[in-house]
Every structure is written in structure tokens, then in C-alpha cells.
2 protein chains.
Amino acid sequence: MTRTHEKVSYAPEGKPAELTPISAAARVEKILKMLEGRWKLSILFQLFGGKVLRFSELERAIPAVSQKMLIQQLRQMEADGMVRRVIYPEVPPKVEYTLTRWGQALCPTLDSLLKWAAVRDELPVPAESVADDAGL
Amino acid sequence: MTRTHEKVSYAPEGKPAELTPISAAARVEKILKMLEGRWKLSILFQLFGGKVLRFSELERAIPAVSQKMLIQQLRQMEADGMVRRVIYPEVPPKVEYTLTRWGQALCPTLDSLLKWAAVRDELPVPAESVADDAGL
DNA sequence: CTGTATCCCGTACGATACTG
DNA sequence: CAGTATCGTACGGGATACAG
């Protein structure tokens, strides 16, 4: 990892750059932070598939959430670019929430996570390892 | 790959899971909890690629972590089946940490997350949406 | 209906000291 | 070297009341 030279973007388009364990971990951490909110995944899965829900519908779809938390998480997701908020200037107020294309694009990755987790449950139970063991 | 109406569950054979938005969200939440610890991703990326590190090496590789946190996160990851801990009954003590096969298997998914995040940065900046808008 | 504004609390995390 | 034990704190999140 001796990087005395900056290999600026000589790469033909797009290739991000070298990822050290440190920088990779930092990036993924930032990403996870975007998903970590107590209600964000619930919101995400309610909206996956292009669904359009208004605020009150989300409230009903996720009964345990409070208004404060719902709006807070929605706003964060909007700021992160995952959620789109459309205001209808009516009385009474009407606001619709959808996922952006980018938000939708998260679906396969979450699926991948689910598959990964599913694998563990078909695995043998590991034991304490002392010194030399044949375990994998 | 722009499927606007992607279903989250595949029903073909033996797959027991009908996934509602609720259950899917709950599952992914559990998975994220396994990765959410302040130092788990750092540990993961240090060990990716089959690397074997002893406790003190991890400490050095992740300078900001305290012993307490390092051991705590390692133990949780071990309990979750991602990390393997091998004890050498010597004096002085020696303990090596590696990822399990299952832990290693997380790598592609994290990569997928990185790619997903990278996409956003090539995207136009969204604006407030009022009533009808041509945005996506 | 769609939000704000307060207050409160548990816990995840940090700092530090000690031990086999 | 590889951990425990203890204490203190910041902050994410819940409950509730209020507002445009």
C-alpha cells in the first residue's frame, strides 16, 4: 500500500480508484447510515415496485411509527435522494411519496442481502476453535 | 434491468417465503443490525480476502478502536457466524481472527452497495416537486 | 391531512484502569 | 498478548401536544 504517487484518473472512464480496507469500510458505513433509521427499510419496502403512497397511507401501512419519526425518516431519505416528495397544493393538504429511480435500484441489493442471510441458516453450527481444527 | 415492477419474492420451488413489505423489511433490518456496529465494517474489510489477523494486528490496523470495542464487535460477529476465532493455547496468548466462508460471501453484496451508491453521484440533482412535474 | 415542537429515556459507544 | 470491568456521555428514537 505504498502510494507515493497519485495516479489521477488515467483510467478510461469511471473506475472509482483503489479501495483500501479503510476507505471501503468508510464508504459502506456511509451507505449503511442512509439505511439505518428505525423506519427506513419499512418505508423502502412499502414503496418498492413504484408504489405511490401519501403520508397518511404510510402511517397506516406502518402502524408502529409516529408522525415525528415518519416525517423525519422520509425527509432524510429525500435528502439522500432515495425518496421523492410531491406536494399537491390543495386543502386539505396532500403529499405523495415515491422512490426515485435510484431508490428503486436498491431493491436487488437488498435482495442480495436477504439471500446472503438465508444461506447461513442452512449451515452447520460452528464450535469453539482451539489451535488446529478442520472447520472451514 | 430497469424493471419498474420488480417483485421482491420468487415463488417457484420450495422457497417458503412470501415476503410482504413488512416481513421483508424486518428481515433486512435484522441483517443490517449485524453490520451496524461502529467497527464491524472495518473488521470485515480487514479480513476480506481470507486474511488472518491476530487481535493485536487488528488493533493496529484499526487505530481508532479501543480494546473493549474491538473485542465486543468481534464477539458479536463471531456469534453471528461471520467471524472465526482461533485460540492458540500458548504463553503469551495468541488468537487469530478470520472470516467464515459465509462472512466472505458478504463481499459481493457490499460491493453491490458501493456500486449503487456510486450511481447517485452521476445523477442530476432533484428539486422540490409541486403538483405535476416531469421528473422521474 | 401533514406536519412541528418538547420532553424523556435506553443504549451504543468512548475513556480508562485492571488482569490472567 | 488478549482480554474484563466500570463509569460517563451523546444521540437516536418514543410519547405527547400543538399548528397551518
Side-chain angles (χ1 to χ4, degrees), chain A residues 25-26 29-44 46-47 52-80 83-98 128-131, chain B residues 25-26 28-44 46-47 51-80 83-98 128-131:
Chain A
E29 265 173 56
K30 279 188 78 173
I31 298 168
L32 288 196
K33 279 229 159 139
M34 294 178 34
L35 309 176
E36 272 180 14
R38 176 70 184 79
W39 303 102
K40 290 188 180 170
L41 288 170
S42 299
I43 294 169
L44 231 24
Q46 289 297 334
L47 262 28
V52 181
L53 293 180
R54 25 194 312 192
F55 187 82
S56 52
E57 291 175 321
L58 278 169
E59 264 190 293
R60 257 174 281 119
I62 314 173
V65 75
S66 68
Q67 288 186 328
K68 171 198 164 185
M69 288 312 295
L70 182 55
I71 193 65
Q72 180 186 104
Q73 310 272 294
L74 282 168
R75 288 288 158 84
Q76 290 178 16
M77 294 169 80
E78 192 193 359
D80 287 330
V83 161
R84 221 155 151 268
R85 180 166 171 268
V86 180
I87 306 163
Y88 293 81
E90 309 173 356
V91 175
K94 175 177 168 185
V95 179
E96 286 181 345
Y97 292 92
T98 59
E128 273 279 301
S129 301
V130 179
Chain B
V28 177
E29 266 172 55
K30 279 188 78 172
I31 298 167
L32 287 197
K33 280 233 160 141
M34 293 177 36
L35 309 176
E36 271 178 16
R38 175 72 184 80
W39 304 101
K40 289 188 181 170
L41 288 171
S42 299
I43 294 169
L44 232 23
Q46 289 297 335
L47 296 178
K51 276 176 283 184
V52 181
L53 294 180
R54 16 191 325 187
F55 187 82
S56 53
E57 292 175 321
L58 279 169
E59 264 189 292
R60 257 173 281 120
I62 314 172
V65 74
S66 68
Q67 288 187 325
K68 171 197 164 185
M69 287 312 297
L70 182 55
I71 193 65
Q72 181 186 101
Q73 310 272 294
L74 281 168
R75 288 288 158 84
Q76 288 177 16
M77 294 169 80
E78 191 194 0
D80 286 330
V83 161
R84 264 181 105 240
R85 179 165 171 270
V86 180
I87 306 163
Y88 293 81
E90 310 172 357
V91 176
K94 174 177 169 185
V95 179
E96 285 182 344
Y97 291 92
T98 59
E128 271 280 301
S129 301
V130 180

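Since the model is a prediction, treat every value here as computed from it, not as a measurement. Because only heavy atoms are used, hydrogens play no part in the values below, and waters and symmetry mates are left out as well, while side chains stay in. Order of the sequence lines sets the chain letters (A, B, ...), proteins ahead of strands, with each chain counted from 1.
- Side-chain nitrogen and oxygen atoms of A:R85 include at least one within less than 4.0 Å of the OP1 or OP2 phosphate oxygen of C:dG3.
- Between A:L35 and A:L41 the shortest heavy-atom distance is O-CG, 4.1 Å.
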Which is it for A:L47 and A:L58 under the side-chain contact (heavy atoms from CB on, under 4.5 Å) test, yes or no, and what are the steps along the way? CA-CA 9 Å; A:L47 262 28; A:L58 278 169; 4.1 Å; yes

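- A:F55 has its CZ atom 17 Å from the P atom of D:dG20, to the nearest Å.
- In this structure the side chain of A:L74 reaches within 4.5 angstrom of the side chain of A:F55, judged on heavy atoms.
- Across all their heavy atoms, A:L70 and A:V65 have their closest contact at N-CG2, 3.7 Å.
- At a threshold of 4.5 Å between non-hydrogen side-chain atoms, the residues A:E96 and A:E57 do not count as touching.
- Looking at the side chain of B:Q67, the nearest of the listed nucleotides C:dC1, C:dA17, C:dG3 is C:dA17.
- Using a 4.0 Å cut-off, no side-chain N or O of B:Y97 falls inside it from OP1 or OP2 of D:dC1.
- Contact annotation: B:R54 side-chain N/O to D:dA2 OP1/OP2 distance is under 4.0 Å.
- Comparing A:P93 and B:I71 by the nucleotide of DNA chain D whose heavy atom lies nearest to each, the residue mapping closer to the 5' end is B:I71.
- Distances shown here put every side-chain N or O of A:S66 at or beyond 4.0 Å from the OP1 or OP2 atom of D:dG14.
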Taking N or O atoms only and anything under 3.5 Å, show me the protein contacts with nucleotides 7-13 of chain D, one pair per line.
{"from": "D:dG13", "atom 1": "OP1", "to": "A:R38", "atom 2": "N", "distance (Å)": "3.0"}

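- As a whole-Å value, the separation of A:E96 CD from C:dG3 C1' is 17 Å.
- Closest approach of A:R75 and A:R85 over heavy atoms only: NH2-NH2, 2.8 Å.
- Remark: P of D:dT16 and CG of A:L70 are 18 Å apart, rounded to the nearest angstrom.
- The side chain of B:R75 lies closest to D:dT4 when the candidates are D:dT4, C:dT4, C:dC1.
- Residues A:R38 and A:Q73 come closest through the heavy atom pair N-OE1, 3.3 Å.
- Whole-Å rounding puts the A:I87 CD1 to C:dC1 C1' distance at 13 Å.
- Between the C1' atom of C:dG3 and the CD atom of A:E59 lies a distance of 9 Å, rounded to the nearest Å.
- Closest approach to the B:V95 side chain among C:dG3, D:dG3, D:dC1 is made by D:dG3 (side chain taken as heavy atoms from C-beta onward).
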